[in-house]
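Below is one structure; the comments refer to it alone.
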Amino acid sequence: MADTSKTATLTFGDKSIELPVLEGTAGPNVIDIRKLYGQGGVFTYDPGFTSTAACDSEITYIDGDEGILLHRGYPIDQLAEKSHFLEVCYLLLYGELPTGEQIEKFEHLVTNHTMIHEQMHYFFRGFRRDAHPMATMVGVVGAMSAFYHDSTDISDEHQREVASIRLIAKMPTIAAMAYKYSIGQPFVYPRNDLDYASNFLRMCFSVPAEEYQVNPILSRAMDRIFTLHADHEQNASTSTVRLASSSGANPFACIAAGIACLWGPAHGGANQACLEMLREIGTVDRIPEYIARAKDKNDPFRLMGFGHRVYKNFDPRATVMKKSADEVLELMGIENNPTLQVAKELERLALEDPYFAEKKLYPNVDFYSGIILDAMGFPTSMFTPIFALARTVGWISQWKEQISDPQLKIGRPRQLYQGPTQRDYVDVENR
Ligand code: SDX
């Protein structure tokens, strides 16, 4: 007799099916429905996967009600305060914080793989200069499978490791090149004497005509932004990477798929959309008009940077990002930045409004990030590429975890069919 404390009974029609209940180390239990169709001849129905666990994972845990985000058990606010991005990359990839020797080796490895194949420079030139940098990144990252054939065999653990390091190391170079190409400036090669964030800033903002000094305040803020975006459980783009990799596609193709999904304004594209919204609002006296629009069922307008599928409390990343925005703008002497003032007043008024309180809508990671990136000198079109750059380690960590899962099966959801039942072909003269 099954332990009923660990089974769920599903009764419908003349059927009664016992389904195992599986427990994790934290978070909700799951009802294992893998045998449901075979035993009951029915599917579950969950468009948008609001109540569906698609996998088990040991990488990131989110408690949406408590506003908790853990990477391999470590709280995001502690990592943002005390760690740095490449150390967080090591943690996500290998499961433990590195020793001094381990992080030194890892940083040396990443630093020495930041250049891309010279031939890929010509690939960029096929794009129009005004192409959105996300379009360029999707194309160039996908094209990496045409240049790095020696790390596309996913059955070879060494090749999986090489592809992982290549993607983490080269993404800043590709993102910076996409930016330079879009503004008609020459590409800037990475430098091995700079840390990850400083290298990215220099590749974006230096020009051959003069020396570029990295501002340590900005590189620390950039590094923290990378950390805050590194991974986030089974979000849409990570799920895209997992689904693509379930067919055995090579890692570069899978990450390109993740970049494409992240681009959407409901997901990673929200950071660009949020700053554009704050600029459109312009002044605090216009905020009530936009809050009214966000509440209007007949108006498709939503407050960008607000709300989340999982967080029904503050997104802990938004809290850290807001603090960082205050620090960076004050240190840059632009604490009276009008966009930041609008953002803070919008947050205050929205959180006081019953509509947002009842629906548990809070600022998410995208609400304040654009303000910092804008202050750093990035155009809004570079906000989502920066998100993609940082999330690459999360995609890769989840990809590696899935590939090494002995239960791996190709992802193939079913459907509730609502179309025409079978009917015979009608010749055109009889239609
Ligand atoms: C990211 O999943 C992740 O982890 C993603 C992410 C990551 O790190 O990978 O955290 C990154 O994508 C953050 C989210 C960025 N997107 C935005 O800021 C875009 C604006 N937000 C929304 O579009 C929305 O909140 C979503 C897409 C984020 C979540 O949508 P859900 O979970 O499907 O919720 P929903 O659309 O069903 O909304 C529930 C209710 C609805 O009202 P009712 O139909 O119940 O009356 O809340 C309303 C929505 O209309 N609502 C909003 C709103 N977000 C939800 N109303 C106004 N403004 C908003 N922003």
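Numbering of ligands and ligand atoms starts at 1, following listing order. The model shown is predicted, which means the values in this text are computed figures rather than measured ones. Counting begins at 1 with the first residue of the sequence.
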Task: Residues, nucleotides or ligands: over 12 heavy atoms within 6.0 Å of Y45 OH - done: no
- [ ] Among residues two or more places apart or on two chains, list those pairs meeting side-chain hydrogen bond (donor to acceptor under 3.5 Å, both in side chains) that have a residue in residues 355-369.
- [x] E347-Y368
Open item on the list: So which atom in M177 and which in F187 form the shortest heavy-atom distance, rounded to 0.1 Å?
Closed with: O-CE2, 3.3 Å
Task: Neighbouring protein residues of ligand 1 - any heavy atom closer than 4.0 Å - done: H232, N235, P265, A266, H267, A270, A294, K297, R302, L303, M304, G305, F306, G307, H308, R309, R317, Y355, K359, L361, N364, D366, F387, R391
Open item on the list: Between H121 and Y189 (judged by ring centroids, cut-off 6.0 Å), do the two rings come close enough to count as a pair?
Closed with: yes
- [ ] Give the minimum heavy-atom separation between G258 and T240, together with the two atoms involved.
- [x] N-CG2, 4.2 Å
Task: Whether over 12 other heavy atoms sit under 6.0 Å from E96 CD - done: no
